[in-house]
Amino acid sequence: NVEGEGYSIYQESTDLNTTINNSYSADVMTIEGFNFVRAEANDTEVNPEDGKVTANVPENGLELELYYDRNTFSYRVRYLEYGTNTVLSDTVTRTDIRYNKTVTESAIEIRKDLDGDGVAEDFQLYEPDKNPLSATILNDDTILTFYYVRCTQTLTVTKQVVDAAANSDPDPDQEFAFTLQIHSNSGYHQSSYAYTKSDNEKSWLAPEESNNKVLNFKLKAGQSITIEGLPTAEYTITEQNLPTGYYDTAGTNEKFALT
């Protein structure tokens, strides 16, 4: 019984050298992925003994039939945060899956308050190219696991300086200090954020020790910085302590959202 829809012949043989009223035996075979369920001798059920099915041969001949069902197993589908293995959604268990069947599962959308602070966050697949997942079921040990990471955003900030003096260029070495404030109730934050400046400088920004939602950086005239891995939230950028002789013409400290 391969697919649960009736029995088909796996193997058969004919023996013409048996004697009427003598016993005839057939071995109960071990077939990978199948389980012996019953035997019949001329449509009458027979119990095997010592791994054999035995019956007497009547005048009209003997037909021994041994029946096997394909084994069924279960498998599990898990949804975990990458790096911590924190459970993001309940494990799904699929049952009554027949031996050697190939199954396919697709990822689910996840929005969860992982930090217990009342703020639900969106999660995305860590490896989107591994969706869907497939497996061939051979036992009860199969587990399909989708790994997720929190949805993050990228921000680029550019410093523009216009010198008020005619025919004069800004000081290329003058640095301007900025503070990026993350306005989020979530307790989640990274220990550092990767950044790249327009001159290809690459490094990491660490939040302030006293406030893990504040990042400080400096830019020169015409320079830009791209910060990666930021949480989905509202932000403000404040330019700090402008150098003598400079003043703000664009205005900062207004909230904006990264979504």
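In the model, Ser198 has no side-chain atom that pairs as donor or acceptor with a side-chain atom of Gln223 under 3.5 Å.
At least one side-chain heavy atom of Phe256 sits less than 4.5 Å from a side-chain heavy atom of Leu155. For the pair Thr54/Val46, no side-chain contact is recorded, criterion being any heavy-atom separation below 4.5 Å from C-beta on. Counting heavy atoms from C-beta on, the side chains of Asp173 and Lys220 come closer than 4.5 Å. No side-chain heavy atom of Asp122 sits under 4.5 Å from any side-chain heavy atom of Thr232. Within the 4.5 Å cutoff, the side chain of Lys101 has no heavy atoms near those of the Arg70 side chain. Residues Thr236 and His183 meet the side-chain proximity criterion, which asks for heavy atoms closer than 4.5 Å. Counting heavy atoms from C-beta outward, Leu138 and Asn100 have side chains that approach closer than 4.5 Å. Looking only at side-chain heavy atoms (C-beta outward), Leu230 and Thr152 stay at 4.5 Å or farther from each other.
Atom CG in Leu133 sits 12.0 Å away from atom OG1 in Thr142 (nearest 0.5 Å). For the atom pair OG of Ser74 and CG of Asp141, the computed distance is 9.0 Å after rounding to the nearest 0.5 Å. One distance of note links CG of Asn139 with CD1 of Ile97; it measures 13.0 Å at 0.5 Å rounding. Expressed to the nearest 0.5 Å, how far CG of Leu219 lies from NZ of Lys159 amounts to 8.5 Å. One distance of note links CZ of Phe178 with CG of Asn241; it measures 12.0 Å at 0.5 Å rounding. Rounded to the nearest 0.5 angstrom, Phe73 CZ and Thr95 OG1 are separated by 13.0 Å.
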**OP:** Please report the C-alpha distance between Glu105 and Tyr75 in whole Å, then the side-chain angles of each, then the deciding distance to 0.1 Å, and finally whether the side-chain hydrogen bond (donor to acceptor under 3.5 Å, both in side chains) criterion is met.
**Re:** CA-CA 11 Å; Glu105 294 283 345; Tyr75 71 93; 2.6 Å; yes
Original post:
Step by step, would you call Arg98 with Ile137 a side-chain contact (heavy atoms from CB on, under 4.5 Å)?
Top reply: CA-CA 7 Å; Arg98 291 188 173 269; Ile137 306 304; over 6 Å; no
Subject >> side-chain contact (heavy atoms from CB on, under 4.5 Å) between Phe146 and Ile110, worked out >> reply: CA-CA 11 Å; Phe146 290 98; Ile110 291 182; over 6 Å; no
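Nearest heavy atom pair, residue Val53 against residue Leu64, reads O-CD1, 3.9 Å. The two residues Ser134 and Thr102 make their nearest non-hydrogen contact at CB-CG2, 4.5 Å. The shortest heavy-atom contact between Glu65 and Asp43 is OE1-OD1, 4.4 Å. Heavy-atom minimum distance, Tyr147 versus Arg78: OH-NH2, 4.4 Å. Of all the heavy atoms in Pro207 and Tyr193, the pair that sits closest is CG-CE1, 4.0 Å. Across every non-hydrogen atom of Ala177 and Lys218, the tightest pair is CA-CG, 4.1 Å.
Under the 4.5 Å side-chain heavy-atom criterion for Ile, Leu, Val, Met, Phe, Trp and Tyr, Ile237 and Ile225 are members of the same hydrophobic cluster. Residues Trp204 and Tyr195 are members of separate hydrophobic clusters, defined by side-chain heavy-atom contacts under 4.5 angstrom among Ile, Leu, Val, Met, Phe, Trp and Tyr. Hydrophobic clustering (ILVMFWY, side-chain heavy atoms < 4.5 Å, transitive): Ile182 and Leu114 are in distinct clusters. With hydrophobic clusters built from ILVMFWY side chains whose heavy atoms lie under 4.5 angstrom apart, Val37 does not share a cluster with Val28. In this structure, Tyr148 is not a member of the same hydrophobic cluster as Val87, with clusters built from ILVMFWY side-chain heavy atoms closer than 4.5 Å.
Within 6.0 Å of atom NZ in Lys197, more than 12 heavy atoms from other residues, nucleotides or ligands are found, so the atom counts as buried in its surroundings. In this structure, Asn60 places its CG atom where more than 12 heavy-atom neighbours from other residues, nucleotides or ligands lie under 6.0 Å away. Within 6.0 Å of atom CD in Glu127, more than 12 heavy atoms from other residues, nucleotides or ligands are found, so the atom counts as buried in its surroundings. Heavy atoms from other residues, nucleotides or ligands lying under 6.0 Å from CZ of Arg76 number 12 at most.
Contacts of Glu63 classified as salt bridge (charged side-chain N to carboxylate O under 4.0 Å, His left out), with partners at least two apart in sequence or in another chain: none. Residues that satisfy the salt bridge (charged side-chain N to carboxylate O under 4.0 Å, His left out) test with Asp27, not counting sequence neighbours, are Lys52.
Applying the ring-ring contact (aromatic ring centres under 6.0 Å, His included) test to residues at least two apart or on different chains, the pairs with a partner in residues 96-138 are Tyr82-Tyr126. Within the structure, side-chain hydrogen bond (donor to acceptor under 3.5 Å, both in side chains) contacts touching residues 6-23 (residues at least two apart or in different chains) are Tyr7-Asp69. Residue pairs meeting the ring-ring contact (aromatic ring centres under 6.0 Å, His included) criterion with at least one member in residues 19-47, sequence neighbours excluded: Phe36-Tyr68. Applying the ring-ring contact (aromatic ring centres under 6.0 Å, His included) definition to pairs two or more places apart or across chains, none involves residues 38-66.
Ion pairing between a basic and an acidic side chain is recognised when a charged N comes within 4.0 Å of a carboxylate O; Glu40 and Arg38 show such pairing.
One N or O on the side chain of Asn42 and one on the backbone of Gly61 form a donor-acceptor pair closer than 3.5 Å.
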